[in-house]
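Written below as structure tokens is the structure these notes are about.
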Amino acid sequence: MAVIQLRLVSDDITLCSFICLKRRYDTSKLLSFDYSLEMEDGGSVKAAGSTTMSSFRIGSRSVRSNSGVEIFANSSFHQEDHEEAQVRFENMNIGAEVHVGSRALPIFTNYMVNKIEFTGKVTYNGHGMNEFVSQNDLHIGEMTPTELQFGNRAKIHMKNQVLTKIISHSADLLAEVFRREKEANITPDPDTDVYMKAVATEGQKANLITDYVLRILGLETCADTIIGNEMLRGISGGQKKRLTTGEMLVGPTKALFMDEISTGLDSSTTFQIVNSVKQCVHILKGTAVISLLQPTPETYNLFDDIILLSDSHIVYQGPREHVLEFFKSMGFKCPERKGVADFLQEVTSRKDQEQYWADKDQPYRFVTSKEFSEAHRSFHVGRSLVEELATEFDKSKSHPAALTTKKYGVGKWELFKACLSREYLLIKRHSFVYTFKLSQLSVAAFVAMTVFLQTEMHRDSVIDGGIYVGALFYGLVVIMFNGMPELSMAVSRLPVFYKERDNLFFPSWAYALPAWLLKILMSFVEVGVWVFLTYYVIGFDPYVGRFFRQYLVLVLVKQMTSALYRFVAALGRESTVALTLGSGTNATLLAMSGFVLSKDNIKKWWLWGFWMSPTMYGQNAMVNNEFLGKRWRHILPNSTEPLGIEVLRSRGFFTQSYWYWIGVGALIGYTLLFNFGYILALMYLSPPGKHRAVLSEEPQSNEQNGGSKKGTNVLRHIKYSLSQHSNKGRKGKRVSGSTSSHTLPASGMVLPFQPHSITFDEVTYAVDMPQEMRDQGVVKDKLVLLKGVSGAFRPGVLTALMGVTGAGKTTLMDVLAGRKTGGYVGGNIKISGYRKKQETFARISGYCEQNDIHSPHVTVYESLLYSSWLRLSLDINVETRKMFIEEVMELVELKPLRHVLVGFPGVTGLSTEQRKRLTIAVELVANPSIIFMDEPTSGLDARAAAIVMRIVRNTVDTGRTVVCTIHQPSMDIFESFDEQGGQEIYVGPLGHHSSHLISYFEGIQGVSEIKAGYNPATWVLEVTNSSKEMELGIDFAEVFKNSELCRRNKELVKELSTPAPGSKDLYFPSQYSTSFFMQCMACLWKQHRSYWRNTRYTALSFIYSTTLAVLLGSMFWNLGSKIEKQQDLLNALGSMYVAVLLIGIKNAYSVQPVVAAERIVFYRERAAGMYSALPYAFAQVLIEIPYVLVQAVVYSLIVYAMIGFEWTVAKFFWFLFFMYFNFLCFTYYGMMSMAVTPNQHISSIVSTGFYSAWNIFSGFIIPRPRIPVWWRWYSWANPIAWSMYGLVASQYGDIKENIESTDGTTTVEDFVRSYFGYKHDFLGVVATVIAAFAVVFALVFAISMKMFNFQRR
């Protein structure tokens, strides 16, 4: 194996994806890399040349610049073994088009997308790469770690081929092995013998491999726990990271690429995982590429080769044993208690290099990366590398066993069965969703059959027939829109699919077909609920054949729309884009169905759309089946044709019976076409690109990579006020490592704060026993996660909470900080001796969460300004606040990134390390007394972690109380802590070089002594894990309880739990730092900036409504003014109906992901005491008003002109008014539905049910006077009905011209009044009601945000 340490001015992940390649355990050599770097006009950077790159890297701090980066590489690598393999890079080119300055910000007027281009190829003995472990933990949240074997069955099978190639899958061959062992008198190893028998047993291979990998990764304890996601409680972050690794380990390991697998893991677990991979690579002659962050010396020593890159130059490449020798030859020496990995990352940095200069007698001069690279070429390791690469690989020597000759591990049938079983599992896991959809459909059916009740439905006129047409159309629309949630569910699973597709888990068709086939049965059930409930109650033709023919058509419509939505999801690939495409498709399908706009009135330039619309075929098959039945064959007086034929002709439908079967055939064809399109889209389309706009104000060079030390003492000089009584009461109570910072000379900002201690005694935390554990026979009601934990955190003391992954570190911190939303908390928690009250505690505390949750569309500076605005006291003026923000930005080294958008984690904006620093800064600008930091160094390399911990250390030295959970700390970081705490195994001071901690554990009988140079953090976790406890027969928790250290700790807790003489309990005149009005203004300020830059939402909504306006205008061209007969008026109403329904529904659907993304941020900010829920909700409501207004104005201008409504000021502004408030109502309804449901899937399903009910009572499908009296009330409680009322009455309610109707000649005004029940003089009331709906939905949204909390912590 090998290690690469990178520091590149580019996207680290992208670069790793292309340039990190394979290496096996021999310490030889690898690829070469020469390139040049040049600056182009406009700030773009290009690197070009030929390159040889090595196999592994241990991650780096990657700093993005505002430049395009291109890297060209030609490389190769081979193994010296009979199973020889070679990796080559040929003509590799990575390029980016980037805008600089304000043009790079994705604001509304700058809607643009940066593109990343890659050309060239990477081959492995002439074949493509076949394995890569991403650092992003993408999994289906509803599955458990064990169940992932269903998706990985192909990989597991290939693993078996590797591990059992000496026995194959044949019982005969296994018997032959036993026979030869007996002849040779060989006694097999018992474990190997059992393993061989197990993997040779049919049906046991997959389970054995899965269980083996679960045990290696320590996942057996959570094997049956769902994975979870942001809103669904599941396994921990560290367990999720191990699961990502395990998902690849169950597959073949000939070429295994693993990116930052240690994030969120403790150092001991990381060592075990890397050691396991090392054994697999060495024994199986495999290849591994591993990217690690903050490697401990023990983990670092497991690797064989290293590549060190800095400023686009390869500084060192070769065996690990020679790396220190190389730098020693350059005059630099690694200190004794310094990890080599940390040394390598700092020795090339301008800011850190001087401290490692070995010859103090010689003057120091900064050695650049280019100079290191040139020296490496003349170093003996570099020379041997060049010699090796001079010989090209002989393809004839490629051993068959070195390559995988099959693209997938098993046959097509096995792949299909694996995907089918997983899809079935997910359907069962989502059973609530599908049950809810059936219930919703049943309610819609009940409404439909009571609205179109047989006793109220007549067959005496063409108008009566029109009501039946409306009933059939409504059934078609209900079945169509019932599949709309399929779109959002399909989009949400695409990231996992792309990961699995690109890793060759299965082909696209194997993923797509089960989703289609399993939904066929569900379609029969859903359509059956509708048809069996409504058909005979509504009074359709009683002939049973026609009953089943309608059933067949609706099943095919359901299948067609489900396939269409999946196809649109695969095309859009992102929630907002897919919803926009889906809504546009729905609008076109409904307008071209033949019901909204009659075929006879369709313009000739749109006839192609009519003939291509699948809903047209479905609608014609439905009406053809009904109106050619016996009940419609009677002939009315003064007519020569059956009533059914007259009804069909009046609405422009086909009258021939064979059109039913044409419709059926067309629906089957479209179903196959859309499913085939879905497969092709999955096969050929890539996931949405990762776009970044990082606008650094300083040059991105080695100077910055080194991490500026400017400002590291800023907070040391922040004074804090301390009463004389408190000063006396706490004097002398600090341990080593604390600093009396109030005695430092004053400079910089002066913001007073009161230091506070926090004590907790016998704290417990339990949750209800998970159902999975109950199913396994656990009888207890509660699962206890914290068992009587006690301790104290003091001002000026930096305390570390340590423990193995899943030990409960974050749980304890959440309990102390008051961030738990559920469970049962016990014990005493006190602040400076007084019982903790969450309302006041939030004012003096800060919480840096592990997940770095921030609003994605604001800049770094705006995030800090917003936090300080809402959290600092009102008596601090604006200028002082801004000066303080500048000081904090200097401290955390964020000034060069002040105008950078925060972005989404791993996708846009800030890097992981930059987001960590922003998280800390957001809390520091609140000037808290107590700060909790949950894993502030996770996801960072050792250099970035050192910067962050330096910031934390300086924060502590100001007299604040700081508590951190920590994973994999280097020796430097670990020893920067004053005290260590955990699950009652050890609570106390570390001492110089961790001497107190080491002496305590070495004093326990049976514990091995720490090796020289060993990281104390790793050593503690190794000697105290559960397996060591069982081996030694020691309960470390019990040992600690009986120790003198525990007694002293109890005394300290007791002492600090008593209020100091003369002190007072925390009190603030108000719960929040700012007034209600200021909270509203601050939230509105942030929402304004977020919306202006969220082009995926604002620009797409604008583009959608404008495009739809042009489409509808061209479809209904000039129909608004030519009202000569009844159908002309119905066509004009159809244009209003489509816009009111579909643009409104699109607004509701598209706002839901925006609310969902910001709601997670809202939970954090509200818990931090920044504001109450109502100001946040009001800001979200108010910011929609101007955007919806622009949308409505543009739509109204286009449609009003193209359709040709009467051009008067009053009529136009009435049209604009009702369109605007209709769009606003739907937008607020979408926000409200999101606020009352836990996630976007449920929200979209709940919304669909209401849209269905609003649709039937809109007044278009069935006029209000024809609605049964027992349902007429609902038309008054329907915003769509009021919108239609206002639009129709304002445009046609006062027209005195005559039109031809089925009942003779009448005026337009009388027809509107008699047929629809609309009165022109009622417009004022209509306008008031539609505006009231918007207000009500907004208020319900605000109240729901205040009352409901769906975050589960």
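The model shown is predicted, which means the values in this text are computed figures rather than measured ones.
- Contact between Asn1239 and Met1234 at its shortest, heavy atoms only, is C-CE, 3.4 Å.
- For Trp608, the CH2 atom counts as loosely surrounded, since its 6.0 Å shell holds 12 or fewer non-hydrogen atoms of other residues, nucleotides or ligands.
- Atoms CG and CG, from Asn586 and Leu579 in turn, are 10.5 Å apart once rounded to the nearest 0.5 Å.
- Distance check, rounded to the nearest 0.5 Å: CZ of Phe547 to CD of Gln550 gives 8.0 Å.
- The six-membered or imidazole ring of Trp1214 lies near that of Phe1218, with a centre-to-centre distance under 6.0 Å.
- One distance of note links CD1 of Ile467 with CD1 of Ile538; it measures 12.0 Å at 0.5 Å rounding.
- A distance-only check finds a donor-acceptor pair linking the side chain of Ser1135 to the backbone of Ala1132 [under 3.5 Å].
- In terms of heavy atoms, Pro614 sits closest to Leu589 at CD-CD2, 3.5 Å.
- No hydrogens or angles considered: a donor-acceptor pair under 3.5 Å links the side chains of Trp516 and Gln559.
- Side-chain N or O atoms of Ser650 include one that pairs as donor or acceptor with a backbone N or O of Val647 at under 3.5 Å.
- Judged by distance alone, with hydrogens and angles left aside, the side-chain atoms of Arg546 form a donor-acceptor pair with the main-chain N or O of Asn625 at under 3.5 Å.
- Heavy atoms only, all atoms of each residue included: Tyr1220 and Ala1192 are closest at CA-CB, 3.7 Å.
- Aromatic ring centroids of Phe1221 and Phe1217 lie under 6.0 Å apart.
- Within the 4.5 Å cutoff, the side chain of Tyr1285 has heavy atoms near those of the Arg1264 side chain.
- The backbone N or O of Gln1126 lies less than 3.5 Å from no partner atom in the side chain of Tyr1315, so there is not a single donor-acceptor pair.
- In this structure, Lys603 NZ and Phe1116 CZ are separated by 10.5 Å, a value rounded to the nearest 0.5 Å.
- By the 6.0 Å and 45° rule, Lys1211 does not stack over the aromatic ring of Phe1205.
- The ring-ring contact (aromatic ring centres under 6.0 Å, His included) test with Phe1337 singles out one residue from Tyr1228, Phe1250, Tyr1229, and that residue is Tyr1229.
- Looking only at side-chain heavy atoms (C-beta outward), Tyr617 and Ile662 come within less than 4.5 Å of each other.
- A 4.5 Å side-chain heavy-atom check between Ile1261 and Phe452 finds at least one atom pair inside the cut-off.
- In Phe532, the CZ atom is crowded: over 12 heavy atoms of neighbouring residues, nucleotides or ligands sit closer than 6.0 Å.
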Show, in sequence, the C-alpha distance, side-chain angles and deciding distance for Ile1330 and Cys1225, and conclude whether the side chain to side chain contact (heavy atoms under 4.5 Å, CB included) test is met. CA-CA 8 Å; Ile1330 192 65; Cys1225 276; 4.1 Å; yes
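- Phe676 CZ: 12 or fewer foreign heavy atoms inside a 6.0 Å radius.
- Of the possible donor and acceptor atoms, one in the side chain of Tyr551 sits under 3.5 Å from a partner among the backbone N and O of Phe524.
- Taken from CD1 in Ile1295 to CZ in Phe1311, the straight-line distance is 13.0 Å, to the nearest 0.5 Å.
- For CH2 of Trp1117, the number of neighbouring non-hydrogen atoms (other residues, nucleotides, ligands) closer than 6.0 Å is 12 at most.
- The backbone N or O of Ser1252 lies less than 3.5 Å from a partner atom in the side chain of Tyr474, making a donor-acceptor pair.
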Side chain to side chain contact (heavy atoms under 4.5 Å, CB included) evaluation trace for Thr580 with Glu574: CA-CA 10 Å; Thr580 302; Glu574 192 272 332; over 6 Å; no
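- When the shell of 6.0 Å around OH of Tyr434 is examined, it contains more than 12 heavy atoms from other residues, nucleotides or ligands.
- When all heavy atoms are compared, the tightest approach of Gly584 to Tyr1104 is N-CE1, 3.2 Å.
- Residues Arg566 and Ala515 approach most closely at NH1-O, 3.9 Å, considering heavy atoms.
- Looking at Gln1152 and Ser1243, their side chains do bring a donor and an acceptor atom within 3.5 Å of each other.
- Counted by atom type alone, Asn1147 and Gln1191 present one or more donor-acceptor pairs between their side chains at under 3.5 Å.
- A donor-acceptor contact shorter than 3.5 Å is absent between the side chain of Trp530 and the backbone of Val478.
- Contact of the Phe654 side chain with the Lys599 side chain is registered, since non-hydrogen atoms from C-beta on lie closer than 4.5 Å.
- The shortest side-chain heavy-atom distance between Gln619 and Val623 falls under the 4.5 Å cut-off.
- Between Val443 and Phe446 the shortest side-chain heavy-atom distance does not fall below 4.5 Å.
- No side-chain heavy atom of Ile1143 sits less than 4.5 Å from a side-chain heavy atom of Asn1222.
- In this structure, the separation between CG on Leu521 and OG on Ser523 is 8.5 Å, given to the nearest 0.5 Å.
- For Tyr1251 (side chain) and Leu1142 (main-chain N/O), no donor-acceptor pair under 3.5 Å exists by modelled atom type.
- When every heavy atom of Ile1267 is checked against every heavy atom of Ser1275, the shortest pair comes out as CD1-CB, 4.3 Å.
- Just one of Phe1226, Tyr1274, Phe1333 meets the ring-ring contact (aromatic ring centres under 6.0 Å, His included) condition when paired with Trp1254; it is Phe1226.
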Between Leu453 and Trp1271, is the side chain to side chain contact (heavy atoms under 4.5 Å, CB included) condition met? List the steps. CA-CA 11 Å; Leu453 193 62; Trp1271 273 115; over 6 Å; no
For Arg549 and Val553, run side chain to side chain contact (heavy atoms under 4.5 Å, CB included): C-alpha distance rounded to whole Å, both residues' side-chain angles, the deciding distance at 0.1 Å, then the answer. CA-CA 6 Å; Arg549 287 168 70 175; Val553 171; 5.8 Å; no
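- Looking only at side-chain heavy atoms (C-beta outward), Leu1197 and Phe1215 stay at 4.5 Å or farther from each other.
- Formation of a donor-acceptor pair under 3.5 Å by the Trp1282 side chain with backbone atoms of Trp1276 is found in this model.
- In this structure a side-chain-to-backbone donor-acceptor pair under 3.5 Å is missing from Asn1255 to Leu1141.
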